S.K.: 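Sharing a structure here in structure tokens format.
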Amino acid sequence: MTVQQAPVALTAKELTSDQEVRWCPGCGDYAIIKAVRSALAEIGTPRDRTVFVSGIGCAARFPYYMATYGFHTIHGRAPAIATGLKLANPELDIWVVTGDGDCLSIGGNHTLHVLRRNVDVNVLLFNNAIYGLTKGQYSPTSRVGTKSPSTPMGSIDNPVSAVEFALGCGARFVARSVDTLQKHLPVVMKRAHAHKGASFVEIFQNCIVYNDGAFAHFTDREIAADTQVFVEHGKPLLFGKDNDKGIRLNTSTLKLEVVKVGENGVTVGDILVHDETNKVLATLLAQMQPPSFPVALGVLYAEEGLDYTTAVYAQVAAAKSKKKAVPMAELLRSGHTWRVGV
Amino acid sequence: MSAVSAELPRHIDRRELESVVIRFAGDSGDGVQITGSQFTDTTALAGNDLATFPDFPAEIRAPAGTTFGVSAFQINFGARSIATAGDAPDVLVAFNPAALKVNLSDIHPGGLIVLDTGTFSARNLEKAGYATNPLEDGTLTKYRTLKIDISKLTLEAVKEMGVSSKEGLRCKNFWTLGLVYWLYGRSRQSTIDWLQRRFASRPEIANANIAALNAGHAFAETAEMPGEISSYVVPPAPLEPGVYRNITGTDAMAWGLLAGTQLAGIKLVFCSYPITPASSLLHALANLKQYDIVTFQAEDEIAAACSAIGASYGGALGITSSSGPGVALKGEAIGLAISTELPLIVVNAQRAGPSTGMPTKTEQSDLYQAVFGRNADSPVAVLAARSPADCFEVGIEAVRIATKYMTPVIVLTDGYIVNAAEPWRIPDMGAYEPFPVQFRTDPEGFHPFLRDPETLARPWVKPGTPEMMHRIGGIEKSFSSGHISYDPENHQKMTDVRAAKIDGIANDIPLQTVEDGTEGGALAVVGWGSTYGPISRAVGNLRAEGEDVSHVHLRHIWPLPRNLGDLLGKFDRVLVPEMNSGQLVTLLRAQYLLPAEGLNQISGKPFKISTIEAAIREQLEK
């Protein structure tokens, strides 16, 4: 990230702390931590320069299980703590691990600001659309009608779309993946890490106890090919078992539509080519939902911009070149002074 | 007023005064605060001791001419040591009828009132709520008055200066300042220099204001002043030898925190969110970036505290500031810093009232919040500054305690202290012993909650240190390994050790001394924070009359100095004046089972010396 340093040889095992993992058996978090360790081993940042910061929730236990530096903080505030940490030491690789309640409910404000400021940290949102640690209340990403202890008749408020929120906040790196996609997930994380500035990665994560199968309508193996599209910069947005379905822009309605190559005269040339620097396209892709559309996975949007701490330290440097940091004794005597007695 | 006299008196016979209290008052847009601060600078240069009290309305630009838009600046200056901004003004300068209406009741009978008659129009009288014109209806017969059409004379003075009449009229505060300068025999040069610097890019504005200043001065010098208005001299005060400057509480705190981090050898990261009256500290530090300071305006109070904690976790000293309502929002984060035992400084510029209350008015009602205001057993160190200049010492002490004991430190100032100014004998920086932070780098036998046997502080390890990777968090941790622990006995032990660590600071702070008086006797007046000024003067006055009363003033609110209980036990009675309904007095009663009594004022204004004197007399007569 900040300092281009030769990667060190690192294994997933070396990234594993000696703490007993206390997630429920079958929790999607196991798959995610495996992917993170594998990505970090490939990235090769020394463990002592890597910090995991988390808030509160099941996902927030994550730092304890990594043999790096870690700070398990308070509910929703991890982005603010990570911002302060990055201000103190811009050379650290900082990962924020957060859940849907932590990131988008109690901590929504901090998520907004860490993204729009473009602080060079990687935010991993474990979205399971439920409050797990407090025993199963509906969350801000739960579908309308979610029955839970706090909503016995079903939830009535509309869910927030994490990636649309992130794009709206001004995030310059927005990606999406699924806990079980063990090949895709590390690749997305490596991209997030390589991006200078705030990176936001939504990971659909299955809560086996309180919300099992919440994303099955697009993650089940049998239907995944037809309900997911993997976006790649410069490549046409094709998907489907036979890779013959595609996303086309209807220029008269300014809406996306699913078409089949070979039907109604559609050719591959009609299919939209993903441009990850196009925020309008990213927003359209972020909105796609089954059953009419596949869920877009991969890097939806990535555009470099000045990151926050670089700008902060540029101002410090400018201040230093403009004004001399005179010794304290001299600073105290700046401006009007007068002498009394001898 | 009569016409300007043609003959200039060559020698002015000035009456000597020991001290004078002047209050400037006018619309928020009249430049009252600038007038006051210019008079302050000039007065300091003349060698007087002084204290000031800027008093603003909450509205930035309230409708002109209304009573709720009146802004005031009071200065007490003298040939003796000055402790407060003064009980009642000897001189009121009222720029409009509303300013007269709001301030008249505070003026001594026989006091001097300088009025701009040009503003006493029917419309302005109505806006101020005057049914009849106070200039004509006998309202002012108790006072000496100088009724001058300052508006008209200012416009005449600046008409050749190439400014619009609107801009010209805005010079009237400097015209008036010129007049007041003459009354007290003050030099105009420092203000002229300031105007030239301030309006370097608009010389016509500088020149118009200078012309107004000179015109006001000349008017006073040459006009046939009414017989009862004489000119005065306030000789220099006998101050301790040294180099002096004027300083506000805000600047002193900014410099104290910077000096503290320099003595500790660590980086300062200041994270705050705008709130009255605390914001000026963020502004002051944002202008000191050449010292490698990072300042961060966070998205809210919680983020301000959390980013400061993140900075401390990273090996800098995270400092946050706010006022009471904002500190309430930071409460959970302060608990995190207590639990993870990270240094953190929270500066609270206290303001009046619960909720929004009166943001621009002063109070000291957050002592409970500082000492007790968090969930669970969550002790922190609490310090309080007694005056604007004292903020420098308190800032340094806060850094020392936070870094040595790995703890949050709450620093209490208030709206009065942060805005007010006083002359300050600049300390010798060489006299401060450095207290360099030792970060732990040795992995041998390390765990993050291993404690220093003397201070009970845990080691501070910067992320980035090789082979020291570890995890911390707000969950209870094992005393012996630092890992997560729900063990009942361990929680008892950790709760006890967190308290013992803070209690132990009492062995590392000065013993409580008596400010003025004797170590025992009939009555101790115990204060904290900005009541220092009025208490010290009240006790001083009564001691001069031979009364058996002593003044004890606390800097360390928590832990309390270890001899305080014994010291207060040597007095027959203990009186605790506070600008709250009795917070320190409750703490002292609880700690020492003392029958201490409170003197409580919750008006948004500092105590008057006379109020405290009366309470002392009442105690002594009991």
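Values below: every heavy atom of this structure, side chains too, minus hydrogens, waters and symmetry copies. Naming: A, B, ... by sequence-line order, numbering from 1 per chain. Quantities reported herein were computed from a predicted structural model and do not represent experimental measurements.
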S.K.: Listing request: all side-chain hydrogen bond (donor to acceptor under 3.5 Å, both in side chains) pairs with a residue in residues 58-80 of chain A, at least two apart in sequence or in separate chains.
M.R.: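 Applying side-chain hydrogen bond (donor to acceptor under 3.5 Å, both in side chains) to every pair that reaches into residues 58-80 of chain A, excluding sequence neighbours, yields A/Y64-A/H72, A/H75-A/D102, A/R77-A/H110.
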
S.K.: Under 4.5 Å, heavy atom to heavy atom, which residues of residues 12-22 of chain A contact chain B?
M.R.: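 Expected list: A/S17, A/D18, A/Q19.
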
S.K.: Need one label for A/S334: side chain, backbone, both or neither, based on atoms under 4.5 Å from any heavy atom in chain B.
M.R.: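 Interface part for A/S334: both.
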
S.K.: Name all residues meeting the side-chain contact (heavy atoms from CB on, under 4.5 Å) criterion together with B/S478; count only those two or more places apart in sequence or in a different chain, and write none if there are none.
M.R.: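 In terms of side-chain contact (heavy atoms from CB on, under 4.5 Å), with neighbours along the sequence ignored, B/S478 is linked to B/S480, B/S481, B/S485, B/N490.
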
S.K.: Using a cut-off of under 4.5 Å for heavy-atom pairs, which of B/E240, B/M429, B/R245 has the most such pairs with chain A?
M.R.: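 Most heavy-atom pairs within the cutoff with chain A belong to B/R245.
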
S.K.: Between B/K289, B/M469, B/Q262, which shows the greatest number of heavy-atom pairs under 4.5 Å with chain A?
M.R.: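 With the most close heavy-atom pairs to chain A, the winner is B/M469.
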
S.K.: Taking every non-hydrogen pair under 4.5 Å, which of B/G314, B/G464, B/A316 racks up the most with chain A?
M.R.: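 Heavy-atom pairs under 4.5 Å are most numerous for B/G464.
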
S.K.: I need the residue from B/V269, B/V294, B/N246 with the largest number of non-hydrogen atom pairs under 4.5 Å to chain A.
M.R.: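 Winner by heavy-atom pair count: B/V294.
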
S.K.: Side chain from CB out, backbone as N, CA, C, O: work out which of these in B/D251 comes under 4.5 Å of a heavy atom of chain A, or both, or neither.
M.R.: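 Looking at B/D251, nothing touches chain A.
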
S.K.: As an exercise: rank A/V326, A/L112, A/V316, A/L332 by heavy-atom pairs under 4.5 Å with chain B and give me the winner.
M.R.: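 With the most close heavy-atom pairs to chain B, the winner is A/L332.
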
S.K.: So what's closer than 4.5 Å to chain A heavy atoms on B/E299: side chain, backbone, both or neither?
M.R.: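 Both the backbone and the side chain of B/E299 come within 4.5 Å of chain A.
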
S.K.: Go through the atoms of A/F52 and report whether side chain, backbone, both or neither lie under 4.5 Å from a heavy atom of chain B.
M.R.: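 For A/F52, there is no contact with chain B at all, as no heavy atom is under 4.5 Å.
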
S.K.: Considering residues at least two apart in sequence or located in another chain, which fulfil the side-chain contact (heavy atoms from CB on, under 4.5 Å) criterion with B/K462?
M.R.: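 side-chain contact (heavy atoms from CB on, under 4.5 Å) list for B/K462, sorted by chain: B/F439, B/T465.
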
S.K.: Non-hydrogen atoms of chain B under 4.5 Å away: do they reach the side chain of A/A329, the backbone, both or neither?
M.R.: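 Both backbone and side chain of A/A329 come within 4.5 Å of chain B.
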
S.K.: Please state whether the side chain, the backbone, both or neither of A/K324 comes within less than 4.5 Å of a heavy atom of chain B.
M.R.: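 Contact with chain B involves the backbone of A/K324 alone.
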
S.K.: Looking only at heavy atoms and a cut-off of under 4.5 Å, which of A/N109, A/I81, A/T50, A/V51 has the most pairs with chain B?
M.R.: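 Highest number of pairs under 4.5 Å: A/I81.
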
S.K.: Between chain B and each of A/A80, A/A78, A/A319, A/A317, count heavy-atom pairs under 4.5 Å; write down the option with the most.
M.R.: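 Heavy-atom pair counts peak at A/A80.
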
S.K.: Between B/I309, B/L45, B/I302, which has the largest tally of heavy atom pairs under 4.5 Å with chain A?
M.R.: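 If we count pairs closer than 4.5 Å to chain A, B/I302 comes out on top.
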
S.K.: Using non-hydrogen atoms and a 4.5 Å limit, figure out which bit of A/R117 sits close to chain B: side chain, backbone, both or neither.
M.R.: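 Side chain of A/R117 only, per the 4.5 Å heavy-atom cut-off to chain B.
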
